[in-house]
S.K.: 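If you scroll down you'll find the structure; I have some questions about it.
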Amino acid sequence: MFAISLGEGAELRPIEPWQAEEFLAHVDRAREYAGPWVPLTVLAKDLDSARERLQVFADKQAADTGRLYGIWLDGTLVGGVLFRIFDTATESCEVGVWLEPSAAGRGLITRASRVLIDWAVDERGMHRVEWLVSSANARSKAVAERLGMTKDGVLRESFPWQGVRHDMEVWSVLAPEWRKAREAREAAGGAGSAAR
Ligand SMILES: CC(C)(COP(=O)(O)OP(=O)(O)OC[C@H]1O[C@@H](n2cnc3c(N)ncnc32)[C@H](O)[C@@H]1OP(=O)(O)O)[C@@H](O)C(=O)NCCC(=O)NCCS
């Protein structure tokens with residue numbers, strides 16, 4: 001019902017439990033590509049568990065502790081961005097992302113993440129936005145860098161997933177840094193350069 005344009009036929013929209021069927025079809029297309037890095041794309045394995053995952057985020061949204069949005073490309077759900085953590089007490093949140101492979105390489109995640117971070121910083125007074133990523137996940141680390149985040153450190157072997165204990169890198173951007181980088185992007189020349 002409500003959509004934010006990401007350009008080039010892409011939109012960011014809410015995704016809710018009633019859309020479980022569409023969500024599951026997308027996760028089926030994303031599972032192999034995103035599963036090694038994003039538990040959500042493995043935990044949603046049938047209609048009930050897909051609905052349950054969406055309900056977890058609907059509950060988080062109601063409690064103002066997290067949110068989940070879908071990315072549609074030419075009418076097909078191809079990915080998502082979420083606040084896994086949204087803590088208004090510490091003014092700190094964590095963004096998570098994924099795509100199905102056909103939608104990669106177009107800047108969709110960078111643009112969608114910017115929408116979320118702008119909202120978190122400008123509307124909700126978040127001071128710190130985090131990005132947790134396995135050291136082995138080069139594409140996700142590239143997004144964190146593209147977003148102007150700084151690598152804070154590594155939580156060594158902190159995340160056991162699918163038989164591997166991942167070193168998890170913590171990246172972050174602080175509100176003043178975000179605003180400054182945004183101003184610099186805008187000064188450098190509008191949508192083209194802003195898109196990167
Ligand atoms: C992580 C992931 C979402 C990144 O996807 P992505 O497509 O590389 O990221 P973006 O949408 O920001 O697109 C960036 C790519 O599009 C290109 N691009 C094209 N137009 C662009 C634009 N206007 N703006 C920015 N990038 C653009 C960039 O050059 C880059 O391509 P490159 O890596 O070949 O140089 C994706 O690899 C994925 O889903 N992986 C599996 C799940 C996962 O790891 N999630 C993160 C867990 S921490």
Side-chain angles (χ1 to χ4, degrees), residues 4-13 15 23 25-45 53 57 66-74 76-86 93-118 129-162 164-173 178 181-182 184-186 188-196:
I4 293 175
S5 172
L6 298 174
E8 296 168 23
E11 286 183 333
L12 186 65
R13 297 188 219 154
I15 179 156
F23 182 59
H26 152 62
V27 169
D28 283 342
R29 294 188 295 270
R31 205 181 307 279
E32 197 180 327
Y33 179 64
W37 318 109
V38 181
L40 177 104
T41 60
V42 172
L43 297 173
K45 52 187 180 301
R53 284 298 105 200
F57 277 90
R67 279 157 201 273
L68 169 64
Y69 299 94
I71 297 171
W72 276 260
L73 181 62
D74 299 326
T76 301
L77 178 60
V78 294
V81 284
L82 54 79
F83 289 113
R84 191 178 75 88
I85 294 170
F86 198 82
C93 58
E94 182 198 324
V95 173
V97 302
W98 76 93
L99 289 171
E100 56 185 66
S102 65
R106 299 163 183 253
L108 294 179
I109 287 296
T110 298
R111 298 204 290 279
S113 300
R114 285 200 179 122
V115 173
L116 259 61
I117 299 172
D118 278 346
V129 181
E130 288 189 350
W131 189 277
L132 259 71
V133 53
S134 167
S135 295
N137 192 345
R139 289 196 74 97
S140 177
K141 290 194 285 185
V143 179
E145 268 195 289
R146 212 177 286 121
L147 291 170
M149 292 184 161
T150 298
K151 182 172 146 183
D152 293 337
V154 183
L155 304 171
R156 293 181 306 141
E157 300 189 6
S158 61
F159 181 50
W161 179 241
Q162 297 182 326
V164 180
R165 292 203 68 94
H166 290 268
D167 288 342
M168 294 304 286
E169 297 185 6
V170 182
W171 290 66
S172 68
V173 62
W178 183 254
R182 185 172 54 194
R185 261 199 331 273
E186 284 166 1
S193 53
R196 300 215 172 226

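Each ligand, and each atom within it, is numbered from 1 in the order the structure gives. These numbers come from the heavy atoms of this one structure, side chains and all, not from hydrogens, waters or symmetry mates.
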S.K.: Taking only heavy atoms of Ala104 into account, list the atoms of ligand 1 that are under 4.0 Å away from them.
M.R.: 7 (O)

S.K.: Could you check whether Ser135 and Glu169, counting side-chain N and O atoms only, form a donor-acceptor pair closer than 3.5 Å?
M.R.: yes

S.K.: Could you go step by step and tell me if Glu130 and Ile85 meet the side chain to side chain contact (heavy atoms under 4.5 Å, CB included) rule?
M.R.: CA-CA 9 Å; Glu130 288 189 350; Ile85 294 170; 5.8 Å; no

S.K.: Among Glu100, Arg84, Arg139, which one puts a heavy atom closest to atom 31 (O) of ligand 1?
M.R.: Arg139

S.K.: Looking at Val38, which atoms of ligand 1 are within less than 4.0 Å of one of its heavy atoms?
M.R.: 42 (C), 43 (C), 45 (N), 47 (C)

S.K.: Of all the heavy-atom pairs spanning Arg29 and Leu77, show the shortest one and how long it is.
M.R.: NH2-O, 2.9 Å

S.K.: Is there a polar contact between ligand 1 and Gly107, counting only N or O atoms under 3.5 Å apart?
M.R.: yes

S.K.: Roughly how far, to the nearest 0.5 Å, is the CZ atom of Arg13 from the CD1 atom of Ile71?
M.R.: 11.5 Å

S.K.: For residues Gln162 and Val42, determine if any side-chain heavy atom of one lies less than 4.5 Å from a side-chain heavy atom of the other.
M.R.: yes

S.K.: Can you figure out which of Leu40, Ile109, Val78 has its heavy atom closest to atom 3 (C) of ligand 1?
M.R.: Ile109

S.K.: Parallel, tilted or perpendicular, judged at 30° and 60°: which one describes the rings of Trp161 and Phe159?
M.R.: parallel

S.K.: Side chain, backbone, both or neither: which part of Arg146 has a heavy atom under 4.0 Å from ligand 1?
M.R.: side chain

S.K.: Counting from 1, what ligand 1 atoms have a heavy atom of Ala34 closer than 4.0 Å?
M.R.: 41 (C), 42 (C)

S.K.: Looking at ligand 1, does any of its N/O atoms fall within less than 3.5 Å of an N/O of Leu108?
M.R.: yes

S.K.: Please identify which atoms of ligand 1 are closer than 4.0 Å to at least one heavy atom of Arg111.
M.R.: 22 (C), 23 (N)

S.K.: Considering only heavy atoms of Leu132, which atoms of ligand 1 have at least one such atom less than 4.0 Å away?
M.R.: 48 (S)

S.K.: Any idea how His26 and Trp98 line up, ring-wise: parallel (<30°), tilted (30 to 60°), or perpendicular (>60°)?
M.R.: parallel

S.K.: Would you check the N or O atoms of Trp98, main chain and side chain alike, for any that come under 3.5 Å of an N or O of ligand 1?
M.R.: no

S.K.: What about Thr110: any of its N or O atoms under 3.5 Å from an N or O on ligand 1?
M.R.: yes

S.K.: Any N/O of Gly105 closer than 3.5 Å to an N/O of ligand 1?
M.R.: yes

S.K.: Going by heavy atoms in the side chains, are His166 and Asn137 under 4.5 Å from each other?
M.R.: no

S.K.: Supply the atom-to-atom distance Leu116 CG to Ile109 CD1, rounded to the nearest 0.5 angstrom.
M.R.: 10.0 Å

S.K.: If you count the atoms of ligand 1 from 1 in the order shown, which ones are under 4.0 Å from a heavy atom of Asn137?
M.R.: 43 (C), 44 (O), 46 (C), 47 (C)

S.K.: For the pair Val143 and Trp171, evaluate side chain to side chain contact (heavy atoms under 4.5 Å, CB included) and give the outcome as yes or no after the intermediate values.
M.R.: CA-CA 11 Å; Val143 179; Trp171 290 66; over 6 Å; no

S.K.: Check this for me - ligand 1, Leu99, N or O atoms closer than 3.5 angstrom, yes or no?
M.R.: yes

